[in-house]
Amino acid sequence: MIGKSPAMRFILDRIQRFAPLPWPVLLMGETGTGKEVAAQALHRRSARRNHPFIATNVAAIPDALFESELFGHIRGAFTGAQSTRTGLLESANRGTLFLDEIHSLAPQMQEKLLRVLQENEIRRVGSDETFSIDVRFITATNLDLSQRCEEERFRWDLYHRLRVLPIALPPLRERKDDLPALVSH
């Protein structure tokens, strides 16, 4: 992360303070503010740094496939499931899962993600077996999630679970002092 402006120093301080903590982080900011870079910095500074950092864009996964992507599935769970597949949550076990554009998460998946956050357990699609996971969640959005909750497009309880450690990333137009360092880089 590049910059020495007061806004950037504040962000870097929050990352340094939040990195060792086990709780979820919600990164908020416009497109292009470096949310994934901030997520990687949080992971690299955490005790999980030697374990996987798995990043995915929620909006890029079709709703019909999202449950299988997140939880994995067993062979024969649905048409086309020719083998057992590990999901993103299992792949990120002991590490960090970064879910970008979390505001795009379908309502039924919001409920399932909330359950994972509460219970730290998952079950592959089509399986009866439940097993524990240890994943740190970092989510990101470029929309106002509280407003989406007011509009009943996002669950309040999930919002509060994800926003334990919030970091608002300012756009570059508010960090003009960082332009020379960024251009040089």
Side-chain angles (χ1 to χ4, degrees), residues 1-63 66 69-70 88-89 91-92 95-107 109-110 113-114 116-117 135-185:
M1 298 191 74
I2 299 166
K4 294 182 180 173
S5 67
M8 193 55 152
R9 284 196 310 268
F10 179 77
I11 297 302
L12 292 171
D13 177 64
R14 288 209 108 162
I15 288 171
Q16 194 66 34
R17 288 187 319 153
F18 291 173
L21 303 174
W23 304 301
V25 176
L26 176 62
L27 301 169
M28 302 161 290
E30 296 176 12
T31 300
T33 54
K35 293 182 290 289
E36 186 163 351
V37 173
Q40 290 169 346
L42 282 159
H43 176 73
R44 281 193 312 270
R45 289 172 172 84
S46 76
R48 298 173 182 269
R49 68 183 153 274
N50 295 324
H51 300 286
F53 175 83
I54 307 291
T56 194
N57 183 326
V58 172
I61 302 171
D63 289 346
F66 197 81
E69 284 290 315
L70 195 62
L88 297 171
L89 285 163
S91 296
T96 302
L97 179 62
F98 174 59
L99 298 172
D100 199 4
E101 297 193 37
I102 192 68
H103 59 267
S104 301
L105 194 59
M109 288 309 303
Q110 290 178 32
L113 182 59
L114 177 63
V116 171
L117 285 160
V135 174
R136 181 175 197 187
F137 287 89
I138 301 176
T139 54
T141 184
N142 60 2
L143 299 180
D144 182 344
L145 275 186
S146 64
Q147 182 176 345
R148 290 187 65 87
C149 290
E150 291 287 341
E151 297 166 353
E152 297 183 357
R153 297 173 73 189
F154 202 84
R155 294 177 60 111
W156 279 110
D157 47 3
L158 179 58
Y159 170 67
H160 289 296
R161 288 272 184 179
L162 296 174
R163 194 182 180 278
V164 175
L165 302 171
I167 299 177
L169 298 167
L172 191 54
R173 68 179 172 275
E174 294 176 14
R175 304 184 302 131
K176 291 183 181 173
D177 295 348
D178 294 333
L179 279 172
L182 284 167
V183 169
S184 174
H185 178 74

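All values below were derived from every heavy atom in this structure, side-chain atoms included, with hydrogens, water molecules and symmetry-related copies excluded. Start at 1 with the first residue, then count along the sequence.
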Test side-chain contact (heavy atoms from CB on, under 4.5 Å) on Leu113 and Ile102; report intermediate values, then the result. CA-CA 11 Å; Leu113 182 59; Ile102 192 68; 4.0 Å; yes
About how many Å separate CG of Leu97 and OG of Ser91, when rounded to the nearest 0.5 Å? 9.0 Å
Rounded to the nearest 0.5 Å, how far does CG of Asp100 lie from CD1 of Ile138? 11.5 Å
Which pairs, with at least one residue in residues 162-180 and sequence neighbours excluded, count as a salt bridge (Lys or Arg N to Asp or Glu O under 4.0 Å)? Glu30-Arg173, Arg175-Asp178
Pairwise side-chain contact, Asn57 with Ser104, heavy-atom cut-off 4.5 Å (strictly under): no
Minimum heavy-atom distance between Pro166 and Val164, given as atom pair plus value: CD-O, 3.5 Å
Give every residue pair that meets the salt bridge (Lys or Arg N to Asp or Glu O under 4.0 Å) criterion with at least one member in residues 144-158, sequence neighbours excluded. Glu111-Arg155, Glu151-Arg153, Arg155-Asp157
Please round to the nearest 0.5 Å and tell me the distance separating atom CG of Leu88 and atom CZ of Phe66. 7.0 Å
When rounded to the nearest 0.5 angstrom, what distance separates CD in Glu69 from CG in Asp63? 12.5 Å
Residues in ring pair (Phe, Tyr, Trp, His ring centres under 6.0 Å) with Trp156, at least two apart? Tyr159, His160
Do Val58 and Thr139 have side chains that approach each other closer than 4.5 Å (heavy atoms only, starting at C-beta)? no
Which residue pairs pass the salt bridge (Lys or Arg N to Asp or Glu O under 4.0 Å) test with at least one member in residues 3-13, sequence neighbours excluded? Asp13-Arg17
Looking only at heavy atoms, which two atoms of Arg136 and Val25 are closest? And how far apart? NH2-CG2, 3.3 Å
Closest approach of Pro170 to Ala7 (non-hydrogen atoms, all atoms of both residues): CG-CB, 3.9 Å
Any side-chain heavy-atom pair of Leu99 and Leu162 under 4.5 Å: no
Search all heavy atoms of Arg45 against all heavy atoms of Ala19 and return the closest pair with its distance. CB-CB, 3.5 Å
Apply ring pair (Phe, Tyr, Trp, His ring centres under 6.0 Å) to Phe53 and list each qualifying residue two or more places apart in sequence or on a separate chain. His43
Heavy-atom distance under 4.5 Å between the side chains of Phe98 and Leu42, does that happen here? no
Taken to the nearest 0.5 Å, the spacing of Thr141 OG1 from His103 NE2 works out to 4.5 Å
What heavy-atom pair brings Leu169 and Ala38 nearest, and what distance separates the two atoms? CD1-CB, 4.1 Å
So Leu117 and Leu158, do their side chains get closer than 4.5 Å, heavy atoms only? yes
Shortest non-hydrogen pair, Leu12 vs Gly3, comes out as CD1-O, 4.2 Å
If we only count heavy atoms from C-beta on, is the Leu143 to Phe154 side-chain gap below 4.5 Å? no
My understanding is that only residues two or more places apart in sequence, or in another chain, count here; which of them pass side-chain contact (heavy atoms from CB on, under 4.5 Å) with Pro62? Leu65
For Asn142 and Lys35: C-alpha separation, side-chain torsions, deciding distance, then whether side-chain contact (heavy atoms from CB on, under 4.5 Å) applies. CA-CA 9 Å; Asn142 60 2; Lys35 293 182 290 289; 4.2 Å; yes
Gln40 side chain near Glu36 side chain, heavy-atom distance below 4.5 Å: yes
